[in-house]
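Take a look at the structure set out below.
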Amino acid sequence: MGEIPWILTVTAILIAFKCLLIPAYTSTDFEIAVCALYSFRSPRLVDRIPRKLRQNGREACFVLLASLQALLICDSIHFQYNSMLTGIFLLSMYFIDSGRLLMAALTFSVLLNFKHIYVYYALGYVFYYLVNYFQFSPVEKILGNVPKAILLAVSLLLPFAISIFPFFHASGIQGLQAIATRLFPVSRGLTHAFWAPNFWALYNFTDLVLYRILSLLRIGKFEAPSYTSGLVQEYAHSVLPNVTPVGTLCLVVISSLAVLTGLVIRWRRDSRPADFSLFAVFSALSFFYFGYHVHEKAIILITVPMTIFAIKDPKYHRHLVHLTCVSSFSLFPLLFTEFEILLKYTICLAYFVVQLVVLKRYTRMPLSDLLPWRHVASWVLLGFVEFYNTFLHKWLLSSRLPFAPLMAISVLTAIELTAFFGSLIWHTFADGLLEITWQKGACRIREQLIRDSAYSVQTVEEEQDVQLVAGVDISASLSNSDMVFVSVSFWDYPQGTHVATVSDTRCLKLPYIPQYLAVREAEVMADFVRKVIAERPELRPDVLLCDGFGQFHSRDCGMACHVGALTGIPTIGVAKNLTLHDTYEAVGMKNKAKVDQFLDSCRQAHKNNKTTSGYIPFDIVEPTKLNILRIGASMSGVFVSAGYGIELDLATVISSRLLQNNTTCEPIRAADLESRRLVREYFDGNDKKTD
């Protein structure tokens, strides 16, 4: 027998830990069971993930959901029953992923009858069902929606009828009114005693700052604010307009309609099935951010579907890690006794480490992708405020200003949640026209700086100055083109002996834009080259070869130019194919016939002189920006153009010396073969080539 999978050990520890805290508490066991069902049986959880990473993804999903720190804090210490309800919600998501939409609706209705706060997901369900359950085209299928609507209505209303009928039978309409009053107690005020990290925390803080400033300047007379008392109560704002429950409801509906409609349009445009987890994230986030009297524990309703969505799309891993940390800090004030203080810090720190480990194991991506410096800086600031609130405030100020550090935590976490909301919207919707326009503009600015030689580079002017060269290339997974391996192969020059090849995984976060490939790949390759050189300075190459063009480009600035400018290393563009459309654009459409005639003559010359070591300059237009080392019957061959910090003649000499075969220069070929091998070994597990 082989080793027992590590996931079973983690599961046993989690269940034992929860049972140790509250032995009689069984809802967490139900939640763990449903977490296992969803994580290991959902047919859509990892369908867009490289095949060899799918089991890792399922295990990561289970560990992160079953040990979610917010549920441990709120249920096992603060004592709620969110774990059981989370299990019911995950069961509904499992039915959705399995295509059993009526069962999913029935389960969600049962969930609403257990705890009405799950109405946060309602609009997400509505929009998802409009896209995936009903059919509005062709026109003849519209009438077929009637029986579907009846079945859906029965599934949704049946649990409500069962749960409400006893109250109606006992007390009639008055009983139902009493229930509504208890379910929606608007008399509790806009915010909770401790402000949840949402828009209204920022609104209250702005009102307080304005009140202090205007009072200090003696401008007008305003009532002192009462929302800093730490009590659950209705209150009026001092300077800003008062906010009513209806007003918050309007903001919730407007924001939800905006983002959820955007999701529908996005998936219609991409022609792929809509994913419910993101509908749930945006629906819950809109309710949490703009809702009336939101409790800080409601952030669980965002983290659960966000965890699932990040597993499905690894580009959002850093969003998940940041949301998890922000939710931890926002929940810390719930636990304030000496025993709870140690426990809450231990739980959240342990979960943070576990999260990084399982996500790293899942995708093999570097930790730097999960920990951008801005996020880390915000955690450090929040950590300082939390430390002050827990250990220093009472010691320094005794009983004065007890709400001040709590308000600071609320405001800072609200700022971070606002940034999370905005970043999620940008990364979800800006991959269309907005993102393309933005990235094109940024790329053109950089290209102008490159043409003006604004980037520093250690230029190479003589061949004898070159002792070490490197080739860099990227290969992507067949299942998910955003997940790539980057390889850099180092070679002695002019001996042409291999020194080392270094590779690592990366996640491409920007879309592919025709004629703007550098937008998607240049920074990723440049960052990896800089990282390798920083760790192994002896491998700093004198020249870097890139698979693609350099100055032979419609804007005189191809991939090699970008990589050279970003690394500060002279670069050469060595392309394997000469695309006619791109060539026509580079030399001008008016020279189209001349290009065709010239290429025919090049093929004939190469056919007659296959052993010749020289090259043919592509001198149809001046100045010459491309030399042809090889050209086949089609448009394949070896095409050299100068990148950044080197002249074309020297670039051609170096490339020809490294041309040990008829396909491309050996450093690029070695990097290409290694990256493809790693993609097959760790991502796709097949022998097919990936580009």
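Quick note: residue numbers are just sequence positions, from 1. Given the structure is predicted, the values throughout are model-derived calculations rather than measurements.
Here W195 and F403 bring their ring centres to under 6.0 angstrom of each other. Ring-centre distance between H295 and F194: not below the 6.0 Å cut-off. The six-membered or imidazole ring of F282 lies near that of F429, with a centre-to-centre distance under 6.0 Å. F387 has its ring centre less than 6.0 Å from the ring centre of F391.
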Next item on the list: Step by step, work out the side chain to side chain contact (heavy atoms under 4.5 Å, CB included) result for T390 and F336.
Entry: CA-CA 8 Å; T390 304; F336 47 83; over 6 Å; no
Checklist line | Test side chain to side chain donor-acceptor pair (under 3.5 Å) applied to Y516 and R444, step by step | finding: CA-CA 10 Å; Y516 288 84; R444 286 169 179 162; 2.8 Å; yes
Check: Where do S283 and F127 land on the side chain to side chain contact (heavy atoms under 4.5 Å, CB included) test, with the steps shown first?
Finding: CA-CA 10 Å; S283 182; F127 274 80; over 6 Å; no
Item checked: Test side chain to side chain contact (heavy atoms under 4.5 Å, CB included) applied to C348 and L331, step by step -> CA-CA 10 Å; C348 291; L331 293 173; over 6 Å; no
Margin query: Test salt bridge (Lys or Arg N to Asp or Glu O under 4.0 Å) on E59 and R361; report intermediate values, then the result.
Written below: CA-CA 10 Å; E59 293 172 356; R361 177 180 179 271; 2.8 Å; yes
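Between the side chain of T261 and the backbone N or O of L257, at least one donor-acceptor pair lies under 3.5 Å. Side chain of S39 to backbone of C35: a donor-acceptor contact under 3.5 angstrom is found. At least one donor-acceptor pair under 3.5 Å links the side chain of N198 to the backbone N or O of F288. Proximity of a side-chain donor or acceptor of T363 to a complementary backbone N or O of L359 within less than 3.5 Å is detected. Judged purely by atom type and a 3.5 angstrom limit, T428 has no side-chain atom pairing as donor or acceptor with the backbone of I425. For the pair Y351 (side chain) and T324 (backbone), a donor-acceptor distance under 3.5 Å is absent. With R540 contributing its side chain and I533 its backbone, the two residues share no donor-acceptor pair below 3.5 Å. Using a distance-only test at 3.5 Å, with no hydrogens or angles considered, a donor-acceptor pair links the side chain of W200 to the main chain of G291. Using modelled atom types, one side-chain atom of T303 and one backbone atom of I300 make a donor-acceptor pair closer than 3.5 Å. Between the side chain of D207 and the backbone N or O of L240 there is at least one donor-acceptor pair closer than 3.5 Å.
Separation of atoms CG (L260) and CD1 (I265) is listed at 11.5 Å; rounding is to 0.5 Å. Separating the SG atom in C74 from the CG atom in N82 is a distance of 6.0 Å, to the nearest 0.5 Å. Distance CD1/I299 to CG/L285: 9.0 Å, rounded to 0.5 Å. The distance from the OG1 atom of T307 to the NZ atom of K312 is 12.0 Å, given to the nearest 0.5 Å.
Side-chain contact between F352 and W379 is present, with heavy atoms from C-beta onward closer than 4.5 Å. In this structure, the side chains of I308 and M93 come closer than 4.5 Å at one or more pairs of heavy atoms. Counting only heavy atoms from C-beta outward, the side chains of M559 and M525 approach each other to under 4.5 Å. Within the 4.5 Å cutoff, side-chain heavy atoms of L190 are placed close to those of H237. By the 4.5 Å heavy-atom criterion applied to side chains, R536 and V502 are counted as neighbours. Within the 4.5 Å cutoff, no side-chain heavy atoms of Q355 are placed close to those of V63. Within the 4.5 Å cutoff, side-chain heavy atoms of M483 are placed close to those of F683. Two residues are said to be in side-chain contact when any heavy atoms from C-beta on lie closer than 4.5 Å; Y455 and Y644 meet this criterion.
T505 is linked by a side-chain hydrogen bond (donor to acceptor under 3.5 Å, both in side chains) to nothing, counting only residues two or more places apart in sequence or in another chain. Shown here are the side-chain hydrogen bond (donor to acceptor under 3.5 Å, both in side chains) partners of E535, two or more places apart in sequence or in another chain: K531. Under the ring pair (Phe, Tyr, Trp, His ring centres under 6.0 Å) criterion, F420 pairs with no residue, sequence neighbours left out.
The residues D482 and R520 are annotated as salt-bridged, a charged nitrogen and a carboxylate oxygen being separated by less than 4.0 angstrom. A salt bridge links E523 to R446: at least one charged side-chain nitrogen sits closer than 4.0 Å to a carboxylate oxygen. Comment: D369 does not engage R506 in a salt bridge, judged by the lack of any side-chain N to carboxylate O separation of less than 4.0 angstrom. Between E416 and R374 a salt bridge is recorded (basic side-chain N to carboxylate O distance below 4.0 Å).
Residues L401 and P405 come closest through the heavy atom pair O-CD, 3.6 Å. Shown here for I117 and L301, the closest heavy-atom pair between the two residues is O-CD2, 3.6 Å. Nearest heavy-atom pair, V679 versus A476, reported as atom, atom and distance to 0.1 Å: CG1-O, 3.7 Å. Closest of all the heavy-atom pairs between L382 and L412 is CD2-CB, 3.5 Å. When all heavy atoms of D504 and P366 are compared, the pair lying nearest together is OD2-CB, 4.4 Å. For the residue pair T413 and V326, the shortest heavy atom distance occurs at O-CG1, 3.8 Å.
For S475 and S675, the side-chain atoms include at least one donor-acceptor pair closer than 3.5 Å. Between the side chains of Q69 and S327, at least one donor N or O lies within less than 3.5 Å of an accepting N or O. In this structure, a donor-acceptor pair under 3.5 Å is present between the side chains of E447 and H562. A side-chain donor-acceptor contact under 3.5 Å links S477 and D684. No hydrogens or angles considered: nothing links the side chains of H293 and T191 as a donor-acceptor pair under 3.5 Å.
Taking the six-membered ring for Trp and thresholds of 30 and 60 degrees, Y388 and H393 have ring planes more than 60 degrees apart, a perpendicular arrangement. Under the 30°/60° scheme for interplanar angles, the aromatic rings of Y128 and F276 are found to stand perpendicular. In this structure, Y125 and F89 have perpendicular ring planes: the angle between them is above 60°, well past the 30° mark. Between F62 and F40, the ring-plane angle classifies as tilted under the 30° and 60° cut-offs. Between F329 and F332, the two ring planes are perpendicular [angle over 60°; tilted spans 30° to 60°]. The aromatic rings of F287 and Y120 lie parallel to each other, their planes meeting at an angle below 30°, with 60° marking the opposite boundary. Ring planes of Y118 and Y121: tilted class, angle from 30 to 60°.
Both cation-pi conditions hold for R364 and Y682: the charged atom is under 6.0 angstrom from the six-membered ring centre and inside a 45 degree cone around its axis.
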